[in-house]
Amino acid sequence: MTLLDMIGPVMIGPSSSHTAGACRIGQVARQLLGQIPTHAEIGLHASFAKTGKGHGTHFALIAGLLGYAPDDARLPRAFEEAASADLVFNFETADLGDVHPNSARITVSGNGQTVTVLGSSTGGGVIEIVRVDGFKVSFSGGAFTLLTRYHDAVGVIAKIAGLLAADQVNIAALTCDRDKRGGNAMLCVELDQSLGEAAQKFLLSWPGMDWVRMVRPVMDAGIVAPVLLGTTA
Amino acid sequence: MTLDEILNAPSPASQWVLDSDCAENGLSPAIVKEAMRSRIAEMRDSVERGLASAAPSITGMVGWNAKGLWDAPDVLQAPLLRRVQAYAMAVNEENARMGRIVAAPTAGSAGTIPGALLGVADHLKISDDDLVMPMVLAAGVGKAISKQMFISGAAGGCQAEIGSSAAMAAAAVTELLGGSSRACVHAAAMALMNTIGLVCDPVGGYVEVPCVSRNAFFAVHAVSSAQLALSNLESFIPPDEVISAMAQVGRMMPLELRETAEGGLAQTPTGLAVTARMEGK
């Protein structure tokens with residue numbers, strides 16, 4: 001949480017949690033797929049389902065999937081923009097269990113890949129991503145976040161931490177989860193800097209490493225001051 | 001960041017807030033100040049659009065209030081009061097029309113800070129450059145509040161949103177007019193303690209009624225708090241204790257009164273009729 005989260009975001013109305021936060025959850029889902037999806041299945045939970053329509057939640061989620069930020073003037077026209085981007089989508093009401101009332105589950109697919117993201121909008125445009133492909137994760141989009149899926153084995157996390165250290169990247173927070181011992185595992189690491197592209201490719205080349213994504217910040221401090229957060233992009 | 005820490009910082013409090021937040025997040029003070037400057041420009045832009053437009057919102061419940069007040073004769077001969085109210089409603093009516101605004105701290109409470117801070121500054125002919133550091137302080141107060149309490153109506157009722165925005169605005173106006181760190185924090189505490197218990201009962205679940213007029217009322221509330229604090233009046237209950245009292249009340253608040261549109265104004269016959277009409281659309 002930074003000062004720029006309290007005065008901000010600059011956004012298209014009418015609701016910081018139902019509009020701006022929803023857009024940011026969509027932005028994260030797009031990044032996890034790695035491209036604008038060709039298909040999206042969206043489940044809206046509790047307050048998102050109940051009062052989403054009046055708050056532009058549907059437009060905002062689709063805008064995020066198209067890569068628009070919460071202040072993008074195209075946000076209210078996101079459905080039309082999706083049609084021209086060949087993005088097909090479907091909304092339904094979903095009981096997502098014991099999560100924040102403002103939550104959505106988004107399954108996006110495209111280019112032969114599929115990712116499912118569960119995110120909550122907790123107030124003032126702040127979000128928390130709590131599940132990716134069913135694995136427990138925890139990240140806010142306030143920092144660069146590395147997500148990896150791999151075969152659970154001794155030493156994988158140590159090797160990843162070593163790679164980050166070698167690239168002078170500091171770990172801010174870390175969560176990991178697996179489906180079973182020796183099964184599939186996911187590691188979610190919030191970083192103070194972005195891991196370089198070469199290091200990301202090297203990581204993906206490791207045996208047992210299935211999937212690697214670097215999510216760029218969607219919160220303002222990370223966007224306004226990316227140089228200070230460690231990237232020149 | 002706590003209100004007590006801000007209260008004990010050397011005056012002006014905003015400098016300590018800026019330095020401490022930047023150190024915590026690895027940000028440059030110059031970049032944060034520049035971002036605040038551009039947000040003030042965005043606020044001003046939304047005020048101007050809102051004052052000029054009478055276009056109705058999606059539901060047709062609001063849209064003409066800010067312009068209506070701004071164009072009406074000043075019968076009370078209280079130009080500051082009228083300006084603060086009109087600016088606040090202008091922003092929230094832009095918000096209700098899906099216009100571009102600055103959440104501060106939320107979109108539903110986005111009019112309070114521009115109403116109070118830009119309103120007072122324009123009344124006293126103070127330039128926008130002088131609003132940057134007070135805006136930093138407003139953000140710091142918001143951060144201190146959000147540390148102990150949610151800032152969404154769904155979690156804590158309207159008190160959590162409009163109470164926070166009014167406290168942030170009260171501190172900012174107090175600093176703008178030369179108040180000490182102590183006075184700024186007491187202004188925030190008095191704004192908060194007089195908002196405790198306010199429910200979130202939006203008609204149809206839309207951020208329109210009572211949200212638009214509520215921002216006008218609480219922008220004035222913030223200016224009142226600043227006036228008391230600048231005269232060295234203080235909150236008897238220590239500021240951080242006021243936040244925890246508000247958080248406690250938020251936790252006791254029934255779900256029906258926390259942004260679900262299942263109580264209060266939303267459940268009046270007129271409120272239910274709006275819901276039914278919009279569901280038919």
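What you see is a predicted model, and the numbers here were worked out from it, not measured in a lab. A, B, ... follow the sequence lines: proteins, then strands. Residue 1 opens every chain.
In this structure, the side chain of B:R100 does not engage the main chain of A:V10 through any donor-acceptor pair within 3.5 Å.
Rounding to the nearest 0.5 Å gives a distance of 9.0 Å between CG of A:D5 and CG of B:D21. With rounding to the nearest 0.5 angstrom, the OG atom of A:S16 is 8.5 Å from the CG atom of B:N95. Put simply, CE on B:M135 and CG on A:L3 are 12.0 Å apart, with the number rounded to the nearest 0.5 Å.
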Exercise for the section: Under the side-chain contact (heavy atoms from CB on, under 4.5 Å) rule, what do B:R39 and A:D220 come out as? Steps first, then yes or no, please. Expected result: CA-CA 12 Å; B:R39 272 148 212 230; A:D220 287 355; 2.8 Å; yes
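More than 12 heavy atoms of other shown residues, nucleotides or ligands fall within 6.0 angstrom of atom CZ in A:F135. Other residues, nucleotides and ligands place no more than 12 heavy atoms under 6.0 Å from the CD atom of A:E197. Within a 6.0 Å radius of CZ in A:R131, other residues, nucleotides and ligands contribute more than 12 heavy atoms.
Contact check for B:N25 versus A:M1: no side-chain heavy atoms found under the 4.5 Å cut-off. A 4.5 Å side-chain heavy-atom check between A:H18 and B:V207 finds every atom pair outside the cut-off. Here the side chains of A:I7 and B:M168 are in contact, with some heavy-atom distance below 4.5 Å.
Here the closest non-hydrogen pair linking B:M98 and A:P14 is CG-CD, 4.2 Å.
For a residue to count as touching a neighbouring chain, one of its non-hydrogen atoms must lie under 4.5 Å from one of that chain's; by this rule B:S146 touches chain A with the side chain only. Of the atoms belonging to B:I145, not a single heavy atom falls under 4.5 Å from chain A. Proximity to chain B (any heavy atom under 4.5 Å) is shown, for A:S121, by neither the backbone nor the side chain. For B:E93, no part sits under 4.5 Å from any heavy atom of chain A, backbone or side chain. When heavy atoms are compared at a cutoff of 4.5 Å, B:V136 approaches chain A by way of both its backbone and its side chain. For a residue to count as touching a neighbouring chain, one of its non-hydrogen atoms must lie under 4.5 Å from one of that chain's; by this rule B:E24 touches chain A with the side chain only.
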